[in-house]
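If you scroll down you'll find the structure; I have some questions about it.
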Amino acid sequence: MEASKVIDTPIATATRLDMDESCSPVNQTMYIGIIGSLLYVIASRPDIIFSVGLCARFQSNPKESHLKAAKRILRYLEGTQDLVLYYPSGDNFNLIGYADADYAGYLVDRKSTSGMALFLGSCLISWGTRKQNSVALSTIEAEYVAAASCYAQLLWIK
């Protein structure tokens with residue numbers, strides 16, 4: 001990993017991780033250690049939360065493709081050490097939330113993933129991603145579930 005090239009994105013847009021039964025298994029303890037470290041880092045790096053959440057789903061039986069995706073996140077972090085959260089002073093305290101979902105993005109059980117970002121003025125104050133509890137029957141249903149989750153978080157903060 002020390003001699004590897006840095007990369008621009010934490011995960012490729014076409015990446016679809018599944019159980020990948022055809023690949024060989026990797027050391028589970030090492031994989032869990034990498035994911036645990038990445039879960040710690042997401043407290044200050046919201047740009048990797050989706051990618052880490054996707055990789056974290058396969059901790060019970062990691063394969064070579066899952067390890068490759070986790071290593072890609074590490075390569076991304078190596079090249080983007082200068083990215084930081086910035087909180088300027090100001091008087092704008094509007095609470096704004098953004099939500100999105102990927103329809104049936106998780107290939108194992110066809111559940112969608114919700115993501116949200118909450119801002120106080122221009123400052124990011126909360127973010128998150130979560131696999132939805134139910135299987136959405138349409139893209140609009142997946143988006144509605146994501147929006148409802150975002151709204152619940154906004155109400156909690158308010």
Qualifying residues under salt bridge (charged side-chain N to carboxylate O under 4.0 Å, His left out), relative to D109, sequence neighbours excluded: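 For D109 the salt bridge (charged side-chain N to carboxylate O under 4.0 Å, His left out) partners, ignoring immediate neighbours, are K131.
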
Taking the side chain from R75 and the backbone from K5, do they hold a donor-acceptor pair closer than 3.5 Å? yes

Please check if L95 and L155 belong to a single hydrophobic cluster, counting links between Ile, Leu, Val, Met, Phe, Trp and Tyr side chain heavy atoms closer than 4.5 Å. no

Just do the side-chain contact (heavy atoms from CB on, under 4.5 Å) check on F93 and L120 with the steps written out, would you? CA-CA 5 Å; F93 289 107; L120 185 61; 3.9 Å; yes

Non-hydrogen side-chain atoms of F119 and I125 separated by less than 4.5 Å: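 With C-beta onward as the side chain, the pair stays apart.
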
Verify same cluster id: L74, Y40 (apolar side-chain graph, 4.5 Å): no

Please determine whether residues V41 and V6 belong to a single hydrophobic cluster, defined as Ile, Leu, Val, Met, Phe, Trp and Tyr linked transitively by side-chain heavy-atom distances below 4.5 Å.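 Cluster IDs for V41 and V6 differ.
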
Should I140 and Y151 be counted in the same cluster of Ile, Leu, Val, Met, Phe, Trp and Tyr side chains packed under 4.5 Å apart?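 Hydrophobic grouping puts I140 apart from Y151.
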
Between I11 and S51, what is the shortest heavy-atom contact and its length?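 That would be CG2-OG, 3.3 Å.
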
Using every non-hydrogen atom in the two residues, find where S126 and I157 come nearest and quote the distance to one decimal. CB-CD1, 4.2 Å

Acceptor/donor pairs from residues 31-38 side chains to any protein atom, 3.5 angstrom cut, sequence neighbours excluded:
residue	atom	partner	partner atom	Å
Y31	OH	C55	O	2.7
S37	OG	G33	O	3.0

Mind checking whether P46 and L124 have side chains closer than 4.5 Å, heavy atoms only?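 P46 vs L124: side chains touch.
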
About how many Å separate CD of Q132 and CG of D102, when rounded to the nearest 0.5 Å?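 Rounded to the nearest 0.5 Å, the CG-CD separation comes out at 8.0 Å.
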
Check the orientation of F58 and H66. Use parallel for under 30°, tilted for 30 to 60°, and perpendicular for over 60°.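 It falls in the parallel class, under 30°.
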
Shortest non-hydrogen contact between Y103 and S112, atoms and distance: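 Closest approach of Y103 to S112: CA-OG, 3.5 Å.
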
Keeping the roles fixed (side chain from Q28, backbone from Q59), state whether a donor-acceptor pair exists under 3.5 Å. yes

Straight-line distance of L39 CG to I48 CD1, nearest 0.5 Å: 8.5 Å

Separation between OG (S24) and NZ (K63), nearest 0.5 Å, reads 8.0 Å

Do D47 side-chain atoms and I49 backbone N/O form a donor-acceptor pair below 3.5 Å?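 No, the answer is negative, given that no donor and acceptor are paired below the 3.5 Å cut-off.
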
Assess whether atom CG of N133 is packed by more than 12 heavy atoms of other residues, nucleotides or ligands within 6.0 Å. no

In the structure I gave you, are the side-chain heavy atoms of L118 and C150 within less than 4.5 Å of one another anywhere?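 Counting from C-beta outward, L118 and C150 do come under 4.5 Å.
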
Value rounded to 0.5 Å, distance of OG1 in T9 from CD1 in I73: 10.5 Å

What distance do Q81 atom CD and Y76 atom OH have between them, rounded to the nearest 0.5 Å?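 The OH atom of Y76 is 12.0 Å from CD of Q81, to the nearest 0.5 Å.
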
Between P88 and S122, what is the shortest heavy-atom contact and its length? CG-OG, 3.9 Å

What's the shortest heavy-atom distance between L83 and R45, and which atoms?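 Smallest heavy-atom distance, with atoms named: CD1-NH2, 3.7 Å.
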
Can you name the closest pair of heavy atoms from T113 and F50 and give their distance? CG2-CE1, 3.8 Å

How long is the straight-line distance from OG of S134 back to CD of E141, given to the nearest 0.5 Å? 6.0 Å

Please walk me through it: do M116 and Q153 pass side-chain contact (heavy atoms from CB on, under 4.5 Å)? CA-CA 9 Å; M116 69 177 143; Q153 185 73 18; 3.9 Å; yes

